[in-house]
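As a basis for the values below, the full set of heavy atoms in this structure was taken, side chains included, without hydrogen atoms, waters or symmetry mates. Here is the naming used below: chain letters follow the sequence lines, and residue numbers restart at 1 for every chain. Keep in mind that this is a model prediction, so the values were computed, not measured.
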Amino acid sequence: MSDHTAQEMMVVAAARALHNDDVCFVGIGAPSAACNLARVTHAPDITLVYESGTIGTRPTVLPLSIGDGELCDTALTTVSVPEMFQYWLQGGRISIGFLGAAQIDRFGNINTTVIGGYAAPRVRLPGGGGAPEIASHSEKVYVIANHSTRTMVEQIDFVTSLGFGRDGNGRRRHGLKTQGPALVITDLCLMEPGADHELEVTSLHPGVTTDRVRAATGWDIRIVPEPARTPTPTVDELTALRHLYAATDRAHGGDA
Amino acid sequence: MSDHTAQEMMVVAAARALHNDDVCFVGIGAPSAACNLARVTHAPDITLVYESGTIGTRPTVLPLSIGDGELCDTALTTVSVPEMFQYWLQGGRISIGFLGAAQIDRFGNINTTVIGGYAAPRVRLPGGGGAPEIASHSEKVYVIANHSTRTMVEQIDFVTSLGFGRDGNGRRRHGLKTQGPALVITDLCLMEPGADHELEVTSLHPGVTTDRVRAATGWDIRIVPEPARTPTPTVDELTALRHLYAATDRAHGGDA
Amino acid sequence: MELLSLRDAVARHVHDGDTVAMEGFTHLIPFAAGHELIRQHRRDLTLIRMTPDIIYDQLIGAGCARKLVFSWGGNPGVGSLHRLRDAVEHGWPGSIEIEEHSHAAMASAYAAGAAGLPIALLKGYHGTDLVEHNPNIRFVEDPFTGQRLAAVPALRPDVAVIHAQRADEDGNVLIEGIVGVQKESVLSASRAVVTVEEVVADLAAPSPNSVVLPGWTIDAVAVVPGGSHPSYTHGYSDRDNAFYKAWDAISRDRDTFQQWIRDNVLDGESP
Amino acid sequence: MELLSLRDAVARHVHDGDTVAMEGFTHLIPFAAGHELIRQHRRDLTLIRMTPDIIYDQLIGAGCARKLVFSWGGNPGVGSLHRLRDAVEHGWPGSIEIEEHSHAAMASAYAAGAAGLPIALLKGYHGTDLVEHNPNIRFVEDPFTGQRLAAVPALRPDVAVIHAQRADEDGNVLIEGIVGVQKESVLSASRAVVTVEEVVADLAAPSPNSVVLPGWTIDAVAVVPGGSHPSYTHGYSDRDNAFYKAWDAISRDRDTFQQWIRDNVLDGESP
């Protein structure tokens, strides 16, 4: 089905990377769309956890915030926020942590704190929230971000959440046993860390060229010799995703 | 009313030391009887907390264990045991901690661990349970124990729960701001710490002589110049206490 | 516990210069109480909140805050908190000091405060630059294995302000749904003010393990139906997601913001 | 999660030499599972429990234990645990190593285990001789104020065994009433076995904040109605206080004890 947008491709590609037995720590926006798309398509038993304390949620519309009532209403149980971060995240119960990024570098380090200097930032971003410990304690991290030279940069201004560190060895140095960024999903391609932990393009979305990816990346991006071609979203995938978005728009009073 | 037993006098005297605005951390046995007697007589709004997590319980029969169903059924709320010891006890929310003792010394230090040496004890007692932190974190501690040279000893075999330390200065040394043992209630008398923290007999129960107290104490016990005479239990107090015990016996299947 | 009007509860328990925690994790955010702080012109507050949300955007824009302790400062699902950004980026209406943590650290710091501990330990802050910019993130060594653990000071606010479903006549408060750090913020604070949807004869907690704060842990209860709007109260109201979206435009411009505060807060009645 | 018979659940998940936590704070004590361990002749177990209670008196008397980690070892409201005392005082049926803590420390050690932390901090152990006899009590310094805090290693059992009210068909488990350290023991353990009164189609948790363990945190669920007797299950059964009193006489004498175990455990059927 070829009438999909690049955003839809990104969300569908992220959903496909999730499995029935995953326990996902879900952020708002594209990660939430991807996780719920997986749940309503190929992974009906996937466990979705939101940092607001809701465990095993099955929302029918996408939440606007990580604490929408829908999440609690459809959850198996709702725990306190200290318990969520202590027993469930730091306790090692999360298989996939989903993170967004304002900036990301070649080693999957993420900035969501400031553009410019910390003391007098050019742009003050929301900050880390749950991300620093999602990055260290989820078995794997999936990053989802739009692909542009603004986002994919040579040096990020601030490491909010550790990928593999600025030199690629940060996780080992910090004694972390978790895998770290295992997959970066953009609107152009999929990237995975190579043996030295530097991200490599492993799959190009339909119609995307290697030149386009290079032009949209702020460093000299590695592309594996024969990158895969991401399968086009199926009719079922697109229908389910659009249905989710439509239900969400109705529930949230449309665009503001 | 003079047909009371020494045990009844002890429980009644303990109950009288409790007030409507107290929050009591209650142990099983005499403390539980005293706290509930206070609640059904002069202190109807007293808050009783049991270490099983039950807050604001109002049992109609005395519990045999600190986790009897009656405690939860009649509680305002029941929290987890980690929460009980973290937020409620260490958090400084308890005004009166009640402790029993197998041995107690002149500075109100308590042994409930072993008689004899620790490695090969002559008698292995149950141990500390909640007591070590009840002793340090309740605003005041009330100790309730039978008065004999077996219990009231010159040197206790093991400090399970800190009173004022073996030299009387232990609380200051440990930086504790709480008062420590404020009242010791026995079947013979009431004792309170003097200026140097050594226990002094401040009130003799009906019919008890200073000689009898001295003979029942394993150290040269201080008695204030003119000790008070503990008022005899009133008809109301005794009736309420016996009613509690009778209801309890019926509920627990009588004596074993 | 005293049952007070919101005006009296705030006047009595929230003072200029206080460290204030107004919690509610997306749910149960005490907006009405925040508006009362603005109406009473509180100044020099240190505001603590994991997610400043619109409530602190309003307090910061209205000039109530000297310092912000937080872990995620956005408009959830919408974008920036423009009043917070304006204060940080341009010092309007005054400069604001920030102390920035992760959620994991703040949640544990509240729990440590409630437990009377001076610090919270966490397995966290690995490889993040926050460590270099926040002197309140330090490290301790596990005395058994030598492992390095992050430590942050416990949060101990002067006053906690929360919204909850209901209280009974003894001021016992029921909190249900996304309970966030409601209990921890109250138990970590020296004083606590709770706004509720209603006061009822029987609290009707559905489970023996329902989240209940005893009346003796609370200083004042004020009945403020809808006091969490545009946030929500599980069982009583829904989140006004449209308002969260609309706030983006209202808050982007200083004049529009000030007009909104005049019309909706300053000229409003105290509940 | 697998739905198994108790016999198979114990055979598969509890091994000789394991560190085992069978929790339940007075309430929900997994007696039936304890009896199954005795029937299957488990040996060299390190038994962890805040309050060993009759269940560990039986396991110790039956020779299953090598070590006991505990904080209060009595028969609640009755007196001594005679089998525990006999093991400690006279080495019968074998000597037993003990590691002794306070409740506050053990509760926090379970919570730390659940949170993946290597240690628990507490404001505790002030002036108690326990510190001199337990090398697992150490101290750390608050890096902000220099204050000394007690530290104990997190509890990380190989297997946790608990009893609970009910499970649904996905193995999600509801725990209600005195919840003790049921959740923490399961989440701190590598494996978890839960006995329940019944398996139901709808868990029917009364509150969104009810204590529920998701099925994916549990390895095996076994249906054992009355599996907590002589302890009790809130909503299903009452505590058999008369049995707790009767245990005093049964357990005082080695022969009487062994006869009781033969008649009531070894000759019994595995549920």
Seminar exercise, completed: Max heavy-atom pairs within cutoff under 4.5 Å with chain A, candidates Asp238(C), Asp240(C), Asp248(C), Thr128(C), goes to Thr128(C)
For this session: Please determine, among Ser65(A), Ala119(A), Gly127(A), the option with the most heavy-atom pairs under 4.5 Å with chain C.
Result: Ser65(A)
Exercise. Chain C heavy atoms under 4.5 Å from Gln90(A): which part of the residue, side chain, backbone, both or neither?
Worked result: both
Seminar exercise, completed: Applying a strict 4.5 Å limit to non-hydrogen atoms, the region of Ser52(A) in contact with chain C is both
Problem set entry | Pairwise side-chain contact, Val81(A) with His103(C), heavy-atom cut-off 4.5 Å (strictly under) | no
Exercise. If we only count heavy atoms from C-beta on, is the Arg239(C) to Glu70(A) side-chain gap below 4.5 Å?
Worked result: no
Exercise. Can you check whether Phe85(A) reaches Met106(C) side chain to side chain, under 4.5 Å on heavy atoms?
Worked result: no
Exercise. What is the distance from atom NE2 of His137(A) to atom CG of Leu122(C), rounded to the nearest 0.5 Å?
Worked result: 7.5 Å
For this session: Evaluate the side-chain proximity of Ser108(C) to Gln86(A): yes if any heavy-atom separation is below 4.5 Å, no if none is.
Result: yes
Problem set entry | Contact class of Met50(C) relative to chain A, heavy atoms under 4.5 angstrom | side chain
For this session: Go through Pro132(A), Gly116(A), Gly69(A), Gly53(A) and name the one with the most non-hydrogen pairs under 4.5 angstrom from chain C.
Result: Gly69(A)
Exercise. With a 4.5 Å heavy-atom cut-off, do Lys183(C) and Ser80(A) have their side chains touching?
Worked result: no
Exercise. Measuring from Thr26(C):OG1 to Glu51(A):CD, what's the distance to the nearest 0.5 Å?
Worked result: 8.0 Å
Exercise. Which region of Ala104(C), side chain (C-beta onward) or backbone (N, CA, C, O), has a non-hydrogen atom less than 4.5 Å from a non-hydrogen atom of chain A, or is it both or neither?
Worked result: both
Exercise. Can you list the steps and then say if Tyr118(A) with Glu132(C) is a side-chain contact (heavy atoms from CB on, under 4.5 Å)?
Worked result: CA-CA 10 Å; Tyr118(A) 185 79; Glu132(C) 279 139 51; over 6 Å; no
For this session: Would you mind telling me which of Gln182(C), Glu100(C), His234(C), His27(C) has the largest number of heavy-atom pairs within less than 4.5 Å of chain A?
Result: Glu100(C)
Exercise. In terms of heavy-atom proximity below 4.5 Å to chain A, should Tyr125(C) be classed as side chain, backbone, both, or neither?
Worked result: both
Exercise. Could you state the interatomic distance from CG (Asp129(C)) to OG1 (Thr113(A)), rounded to the nearest 0.5 Å?
Worked result: 8.0 Å
Problem set entry | Residues in salt bridge (charged side-chain N to carboxylate O under 4.0 Å, His left out) contact with Arg39(A), at least two apart in sequence or another chain | none
Exercise. Among Gly124(C), Pro52(C), Ser102(C), who wins on heavy-atom pairs under 4.5 Å with chain A?
Worked result: Ser102(C)
Exercise. Are more than 12 heavy atoms from other residues, nucleotides or ligands located less than 6.0 Å from atom NE2 of His243(A)?
Worked result: no
For this session: Under 4.5 Å heavy-atom distance to chain C, tell me which part of Ile28(A) shows up: side chain, backbone, both or neither.
Result: side chain
Problem set entry | Contacting moiety of Phe70(C), where chain A heavy atoms sit under 4.5 Å | side chain
For this session: Determine whether Glu176(C) and Thr78(A) make a side-chain contact, defined as any pair of heavy atoms from C-beta on separated by less than 4.5 Å.
Result: no
Exercise. Between Pro121(A) and chain C, which part of the residue has a heavy atom less than 4.5 Å away: side chain, backbone, both or neither?
Worked result: both
Problem set entry | Arg124(A) side chain near Leu81(C) side chain, heavy-atom distance below 4.5 Å | no
Exercise. With only heavy atoms counted, which part of Arg173(A) is less than 4.5 Å from chain C, the side chain, the backbone, both or neither?
Worked result: neither
Exercise. Can you name the closest pair of heavy atoms from Pro82(A) and Gly180(C) and give their distance?
Worked result: CD-O, 3.5 Å
Problem set entry | Inter-residue atom distance Leu125(A).CG - Trp72(C).CH2, 0.5 Å rounding | 10.5 Å
For this session: Under 4.5 Å heavy-atom distance to chain C, tell me which part of Leu176(A) shows up: side chain, backbone, both or neither.
Result: side chain
Seminar exercise, completed: Looking only at Gly74(C), Gly127(C), Gly77(C), the option with the highest number of non-hydrogen pairs under 4.5 Å against chain A is Gly127(C)
Seminar exercise, completed: Applying a strict 4.5 Å limit to non-hydrogen atoms, the region of Val114(A) in contact with chain C is neither
Exercise. Most heavy-atom pairs under 4.5 angstrom with chain A, which of Asn75(C), Leu130(C), Val181(C), Ile98(C)?
Worked result: Leu130(C)
